[in-house]
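These notes are about the structure you will find just below.
So you know, we letter chains A, B, ... as the sequences are listed, proteins then strands, and number each from 1.
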Amino acid sequence: MTELSKAYEPKQYEDAIYKKWEESGLFNPDVCVEKGVTEPKSEHFSIVLPPPNVTGTLHMGHAAMLAIEDVMVRYHRMKGDRTLWVPGTDHAAIATQAKVEKLLIENEGKTKYDLGRPEFLKRVEKFAQESHDTIVNQARKMGASLDWSREAYTLDEKRNLAVRTVFKKMYDDGLIYRGHRIVNWDPKGQTVISDDEIVYEERKNKFYTFKYGPFEIGTARPETKFGDKYVVMHPDDKRYKKWKHMQKITVEWINAPIEATVIKDPMIDMEFGTGVMTITPWHSHEDFALAEKYKLDKEQIIDKEGKLLPIAQEFSGMKITEAKDKIVEKLKTKGLLVSVDENYINRIATAERTGGVVEPQVMEQWFVNVNKPVKERGNKTLKELMQDVVKNKKIEIVPDHFEKTYFHWIDNLRDWCISRQIWFGHQIPVWYKGEEVYVGVDAPAGDGWQQDSDTLDTWFSSGLWTFSTLGYPDLKAEDLKNYHPTSVMETGYDILFFWVARMILMTTYVLGDVPFKTVYLHGLVRDEQGRKMSKSLGNVINPLDMIAKYGTDATRLSLLLGNTPGNDMKLSEEKIAGFRNFTNKLWNISRFMLLNIEEPKIDVKEPKAKTLADEWILESLEIMKSLVEGSIVKYNFAIAGEMLKEFTWNHLADWYLEIAKVEGGKSEILNYILNNILKLWHPYMPFVTESIWQEVYGEGRSLMVEKWPSSVHSLGSFGDERNVDFLIVKEVIEKIRSLRAEYKIEPAKKIGAKINIGKKEKVVKDNEDIIKALARLEKLEFVESGAEIALDLAGAVDVEKEKPRLEKEIAEIKKYVTGLENKVSNKEFVDNAPKAVVEKEQEKLSEAQSKLAKLQEQLANLK
RNA sequence: GGCCACUUGGCUCAGUUGGUUAGAGCGUUGCAUUCACAUUGCAAAGGUCACUGGUUCAAAUCCAGUAGUGGCUACCA
């Protein structure tokens, strides 16, 4: 029999174990069937990994994601399900391109234009490849049991085919259209971005009031005001009653008098400013909407670089930032400036990836129409399809309050602009020749066709992820049939809109099915002060560092326990260190058990209990098993882990193993318990459990594919009488230990004790040896009067110390008894509460009363 | 402005459908080290469950309101 080393050294085992798992092929469900560890007809369980961006390395958030998903996957695999977890990475178009552009400037002082499109793309691909390699290595370090044979990339050929196929389908269905619409232009990134890629920043801004003919108008953006020839007010505003809708007036303005048109529309807030504003349809979403409504002219004022166009005359060519003050100055000189509010705070739209200030522009772009009925899908619009599957519970969101957020987002959803003016990404599958436009999966035949130079929003390809990874567009693909819809989508709540919603949109439309049955949303991993982890704050905890220092299992536990669905969690190195201690504890528990197991065996049935302690531990194990499994299937991974930990550390290590030292002869029970806890812990701590398993049971069988030990009892079928008996033994020991500590008796010193336990005397007598050993007694006497438990001390009890201690205890219990007496004598309580509750209360009262009597007797004896 | 979540001992959090004297870990205090583990064990101190009101025999738990914190969202130019 091999003996385990004194402390667990993760480094000695982890890489080798992972390599073995991977080489065995058992991460692949097909291999599991081939090798007979999974029945071919068993249920399918599938997760598609949210693909990390190839912009760098994995952070703790990714680590948490991998840990949570791996728990589910390993549980289901052991459960016997055909379990598939598909890995992959995301090209993250804008983010990756922006990162490479930044590096190019920093390292070589060059822009992408210096390199040209083909050369620049080579650089991006090289960078993406390196990031990819780092990421998959990190995922392996985390112990993630991903089926690498199915690895995918959002920009590889298969995914590109899926993208082109879906684009064509949507175009044919009239869901994708090209049009001049107002979009979010990022002058810094030189591309259009979607509404979701905007980050709003609150900034202090000057708010001006200008004279505009007979009106006073307010604005924070005088630089856009050149073309303002519409003045808008609320139709019910009495102050402006005399002006009629569409009435024309001539007003003096920045460069010359202009003919302005009065528009009356209820969108105007009468309370704000003067209740009058002018509009700039080309550079404001709201103004654009108004202009569409009344068929107003739209004029471009600002170009794509953020410079003023010739319409600004003397300001033409100036950056809007520098022109602003000059324009105000000019209006002031002309006597048109009324007032300036210096403390106005407004929200500036900035591009998430580049930080550029977004300038709305009217441009010709490609859009997905979210409000057009789709014939093939019962004339439902994409919006309706997205709403329906969540409303009718085909998709369950955990935690469920995110459903509200989801619906709210859909309600406010506008057509989705999918074209981007960046180089890295899926090129739009559209070709032009003169006036002709061709949309197809493949390029059109013949010469002279030019492909659209734009690329697709990265979320277009991510939206297909659950099915593009499983064989689409081949609708007969085995994987698509077997593993779609996927069982669970586990991801961060911060990408509910970006991604989860878009997968639902794409899948309900393309396949007429849901992409997943359950969405489990995790929170963000923050530092110990609750701040986001960021390089600039220097508070980033790197998963690889923690793995090197404390081991993967400890790192995983720190991310799994104390982490509840939808809530952010705080992580500190101390927490990880704490779980390293537990990992080592499990190791040492196994080490001790191994020393007491005659012949380690797998596939053992529950052994017969010989003593009360045996019964107690076996029953505790069963109860724990059924609670743990119940929690896992309900996505309460933290609770399941905590119950396991409680059992392992408190029940097993602190009590049962100590008792085993006294009672002896526990080989079979220990073997059975070890078998069980290694399996139960495996999804949480795959490395240490597999290491122990192979040390103990040999290397022939991998714990990873052992059968999950479900409880043979259903919950609630446990009789608790014997369990309670053991708790009495435990209480006696605890009480004696407590008294010893209070009397400051040396721990090693053996003393005598007297016990007055009434009808439970037999239980205590049967377990006398245990009590003597664990409480360090040389003699235990049973008496019929006096204190419940009293210690024989060498000298007399120190009355001075003992009296106040007893008095305090009596006072406390008196309070408790009084409370119970009031409760039990309360007629309303007795009448209304369930019988069982009333009986329980009465029982508690009589117990407390007898305890009180004993204490009082003890106090009297002292005097 | 709207919506959502959160508020429990010094810190991090449990507390499942209302029913023992509200639990755990870390930290703190005291004691212990040839016996699986000091990456340990034993014992202890520490909480008016944010506040106010309501429902109920019974509220940390349900309802309403208030305050604070965090987040999402919106067309106040």
Side-chain angles (χ1 to χ4, degrees), chain A residues 3-4 6-8 200 207 217-221 224 232 267-269 271-280 284-287 289-290 346-347 399 401-402 404-405 408-409 412 493-494 496-497 523-524 528 530 550 554 561-564 566-572 574-575 577-596 630-631 634 636 638-639 642 645-646 650 653-654 657-658 661 734 737-742 744-748 774 776 812-813 815-816 819-820 823 826-834 836-838 840-841 843-844 847-848:
Chain A
E3 197 177 313
L4 302 182
K6 212 166 173 182
Y8 175 59
Y200 288 96
F207 186 80
I217 56 147
T219 184
R221 300 201 61 194
T224 65
V232 195
M267 86 167 253
I268 291 289
D269 180 358
E271 308 292 313
F272 186 78
T274 58
V276 185
M277 71 170 193
T278 60
I279 58 165
T280 315
S284 155
H285 285 93
E286 300 72 49
D287 297 0
L290 207 60
N346 72 340
R347 301 199 317 154
H401 68 252
F402 277 103
K404 278 190 182 168
T405 323
H408 183 248
W409 179 79
N412 291 297
Y493 65 75
D494 52 325
L496 179 61
F497 308 141
L524 271 45
E528 63 262 72
Y550 304 106
L561 275 71
N563 187 357
T564 46
N567 293 318
D568 292 353
M569 72 172 304
K570 291 174 189 165
L571 183 69
S572 61
E574 293 81 73
K575 190 176 170 188
F579 285 111
R580 182 266 322 264
N581 297 356
F582 178 70
T583 313
N584 188 59
K585 185 77 184 179
L586 181 66
W587 178 266
N588 271 292
I589 285 168
S590 308
R591 187 167 172 244
F592 172 78
M593 288 170 95
L594 198 49
L595 296 172
N596 291 275
S631 298
K634 281 191 234 142
N636 291 322
I639 292 174
E642 263 142 33
K645 190 173 158 216
E646 156 105 13
N650 304 122
D654 291 346
L657 296 186
E658 292 306 318
K661 288 174 189 172
E734 277 163 344
R737 282 173 174 173
S738 174
L739 286 172
R740 289 181 66 123
E742 276 180 68
K744 303 235 183 286
I745 298 160
E746 284 170 55
L774 300 196
R776 303 229 170 206
E812 271 170 22
I813 203 159
K815 225 169 95 189
Y816 177 54
L820 280 173
K823 200 171 187 184
N826 182 344
K827 197 172 174 303
E828 292 188 281
F829 169 70
V830 179
D831 291 348
N832 292 310
V837 174
V838 177
K840 221 175 183 182
E841 295 301 301
E843 211 173 291
K844 279 187 320 207
E847 262 173 46

Main-chain N/O of [Y] paired to [X] side chain as donor or acceptor, under 3.5 Å:
X	Y	result
Asp287(A)	Thr280(A)	yes
Asn412(A)	His408(A)	yes
Asn596(A)	Phe592(A)	yes
Asp568(A)	Leu524(A)	yes

Could you please name the partner base of [N], counting Watson-Crick and G-U wobble pairs only when both distances are under 3.5 Å?
N	answer
A50(B)	U66(B)
C3(B)	G71(B)
A58(B)	none
C26(B)	G10(B)
A32(B)	U40(B)

Return the value, rounded to whole Å, for the distance between atom [atom1] of [X] and atom [atom2] of [N].
X	N	atom1	atom2	result
Asn567(A)	C4(B)	CG	P	16 Å
Lys815(A)	U21(B)	NZ	C1'	9 Å
Leu586(A)	C37(B)	CG	C1'	12 Å
Leu774(A)	C42(B)	CG	P	10 Å
Lys575(A)	U12(B)	NZ	C1'	7 Å
Tyr8(A)	A38(B)	OH	C1'	20 Å
Asp568(A)	C4(B)	CG	P	18 Å
Tyr493(A)	C72(B)	OH	P	7 Å

Quick one: is [N] close enough that its OP1 or OP2 comes under 4.0 Å of any side-chain N or O from [X]?
X	N	answer
Lys570(A)	C13(B)	yes
Thr405(A)	U73(B)	no
Asn581(A)	U40(B)	yes
Lys585(A)	G41(B)	yes
Ser738(A)	A44(B)	yes
Asn588(A)	A36(B)	no
Lys661(A)	A36(B)	yes

Hey, does [X] reach any base, or is it just sugar-phosphate, or nothing, if we go heavy atoms under 4.0 Å?
X	answer
Pro399(A)	nothing
Ile217(A)	nothing
Gly218(A)	base
Gly275(A)	base
Ala653(A)	base
Lys404(A)	sugar-phosphate

What's the gap between [N] and [M] when it is taken at their [atom1] atoms, as a whole Å value?
N	M	atom1	value
U40(B)	C3(B)	P	49 Å
U16(B)	U61(B)	C1'	11 Å
A60(B)	U20(B)	P	10 Å
G9(B)	A14(B)	C1'	14 Å
U56(B)	G10(B)	C1'	36 Å
G27(B)	U12(B)	C1'	11 Å
C35(B)	U28(B)	P	26 Å
A44(B)	G25(B)	P	13 Å

Closest approach to the side chain of [X], judged atom by atom: which nucleotide of [options] is it?
X	options	value
Thr564(A)	A14(B), A36(B), U39(B)	A14(B)
Glu828(A)	C72(B), C57(B), G41(B)	C57(B)
His401(A)	C57(B), U39(B), C4(B)	C4(B)
Lys645(A)	A36(B), C37(B), G25(B)	G25(B)
Asp269(A)	C76(B), G19(B), A74(B)	C76(B)
Asp654(A)	C76(B), U39(B), C42(B)	C42(B)
Phe497(A)	A36(B), U20(B), C72(B)	C72(B)
Glu658(A)	U73(B), C37(B), C57(B)	C37(B)

**Item:** Interatomic spacing from CD in Glu286(A) to CD1 in Ile268(A) - rounded to 0.5 Å
**Value:** 11.0 Å
**Request:** Measure the NZ-NZ distance between Lys570(A) and Lys575(A) for me, rounded to the nearest 0.5 Å.
**Result:**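 Nearest 0.5 Å value for the NZ-NZ distance: 11.0 Å.
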**Request:** Return the 5'-most residue of the pair Glu734(A), Asn650(A) with respect to RNA chain B, ranking by each residue's nearest nucleotide.
**Result:**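 By nearest-heavy-atom nucleotide position, the 5'-most residue is Asn650(A).
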**Asked** Hey, which of these two, His408(A) or Arg580(A), hits RNA chain B nearer its 5' end, going by closest nucleotide?
**Response**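 Closer to the 5' end of RNA chain B: Arg580(A).
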**U21(B) base stacked by Tyr816(A) (centroids within less than 5.5 Å, tilt under 30°)** = yes
Record whether the side chain of [X] comes under 3.5 Å of the base of [N] through a donor-acceptor pair of N or O atoms.
X	N	answer
Arg347(A)	A74(B)	yes
Lys744(A)	A43(B)	no
Lys6(A)	C37(B)	no
Glu646(A)	A14(B)	no

**Request:** Check whether the ring centres of Phe402(A) and Tyr493(A) lie less than 6.0 Å apart, and answer yes or no.
**Result:**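 Yes, the ring centres sit under 6.0 Å apart.
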**Item:** Aromatic ring proximity, centroids under 6.0 angstrom, Phe207(A) and Phe272(A)
**Value:**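 Between Phe272(A) and Phe207(A), the centre distance is under 6.0 Å.
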**Request:** State whether the number of non-hydrogen atoms from other residues, nucleotides or ligands found under 6.0 Å of Glu812(A) atom CD is greater than 12.
**Result:** yes
**Item:** Pair Tyr200(A), Asn346(A): side-chain N/O donor-acceptor within cut-off below 3.5 Å
**Value:** no
